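Structure first, commentary second.
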Amino acid sequence: MVGTKEIIMGRKTFFFMPDSSMVADIFLEEYMARGYETYIIRDDKACPFRRKVDLITSVFTDAILFFNVDSEVEGINWRSYIAELQKSYGENILIGVIYKKRNHPEAKNQIEQYYLYDIGIQCGCIELTSDPMHNFQLIDSTLRANQAEGRRKTLRAQCEASSSVTIKLEGIQYRGKVLDVSTNHFSCTFAGDKPSLSIGTKITDAQLSINGLIFQTDAINSMTRKKEDGEVLHVLIFMRKDGSKGLDENNYVNLRHKIYSIIDGRAKELMNTLFAAN
């Protein structure tokens, strides 16, 4: 079972109260594929808005918060509220704002002057339009500029205990346990009879079962090390039939969606638990 420590690990970006016509939920999976773990937070009766923000900042300590300053939340004046947050947390909080494109440049300048210079938020002001793809690219650039991926190049999902890999070497079949997976590689261990997997060993038609997703792919062993408990851990990189690194298109799309659903689902379950208790 994946613990809270694993769920909260790594930098996360939260968009509070975005207009769904400008920041669509479907953006989030693509951002995750680019290394950004992003979430949309709405206002509801499950937990007061201020309390939600407090819980998120206390639990997810490496987070970027983007507030839609055009949205309406009962009891919230965005100018004073964001100023209050920035003053309370100082350099320990990363805040940005999103807002709908203004008709006059002066209005945009006033927003940027207040939030960027008067208050001193660090993650910028994003002016959104009615064009979702324009917004997607603009947010993507802002996430990249703010290093929203943290220290991770690719996002990995911790797998359920039932996740497995079956390989065949020299006519002998071995079944191992998959510990975690990304769209580039996976790590696994083997119990009982163990395969001889030296660095560079190529595997043809490995069959993986990742939280219910079953697919077949080639792989190559890129690292072998002993864990603290003595188990031997192997890290295998996905390979295509033409010898290039990666998954074929169909497997890539399916695994990417599975990884997103695992990571997103666990984080949301944790947040919902926190919100319900407060």
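Keep in mind that the numbers below use all heavy atoms, side chains included, and drop hydrogens, waters and symmetry copies. Just so you know, these numbers come straight off a predicted model, no measurement behind them.
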Working to the nearest 0.5 Å, report the span between CE of M271 and CD1 of I41. 4.5 Å

Under 3.5 Å, is there a donor on one side chain and an acceptor on the other for T129 and D131? no

Between N184 and S182, do the side chains contain a donor N or O and an acceptor N or O under 3.5 Å apart? no

Please check if the number of heavy atoms outside [X] that lie under 6.0 Å from its [atom1] is greater than 12.
X	atom1	value
D193	CG	no
K241	NZ	yes
K168	NZ	no
E269	CD	no
E30	CD	yes

Closest heavy-atom pair and its distance - [X], [Y]:
X	Y	answer
E29	R256	OE2-NE, 3.7 Å
S196	L169	O-CD1, 4.0 Å
F60	K12	CD2-CD, 3.4 Å
L155	M32	CD1-CG, 3.0 Å
I119	R79	CD1-O, 3.8 Å
I56	L65	CG2-CD2, 4.3 Å

Just by modelled atom types, is the [Y] backbone N or O under 3.5 Å from a matching donor or acceptor in the [X] side chain?
X	Y	result
S209	S164	no
R42	P18	yes
N135	M22	yes
N221	S198	yes
N146	A148	no
W78	S71	yes
S163	N211	yes
E6	G3	yes

Assign the ring pair Y260 / H257 to parallel, tilted or perpendicular, where the plane angle (0 to 90°) is split at 30° and 60°. tilted

Determine the interplanar angle of the F16 and F14 rings, folded into 0 to 90°, and report it as parallel if under 30°, tilted if 30 to 60°, perpendicular if over 60°. tilted

Y115 meets the ring-ring contact (aromatic ring centres under 6.0 Å, His included) criterion, sequence neighbours left out, with none

Hey, any chance [X] and [Y] share a hydrophobic cluster, counting ILVMFWY side chains that come within less than 4.5 Å of each other, even indirectly?
X	Y	value
Y89	L55	yes
L138	M17	yes
I172	V232	no
I111	Y114	yes
I237	V178	no

Minimum side-chain heavy-atom gap [X]-[Y] below 4.5 Å:
X	Y	value
D205	D218	yes
N68	V23	no
T217	D248	no
V69	I82	yes
S21	K100	no
F49	E74	no
I203	L197	yes

Under-4.0 Å salt bridge between [X] and [Y]:
X	Y	value
D180	R156	yes
K177	E231	no
D264	K268	yes
R102	E127	no
R240	E249	no
R34	D140	yes

Going by the side-chain contact (heavy atoms from CB on, under 4.5 Å) test, name the single residue among I262, I259, L208, V181 that passes it with C159. V181

With respect to F66, which candidate in F15, Y39, Y36 satisfies the ring-ring contact (aromatic ring centres under 6.0 Å, His included) definition? F15

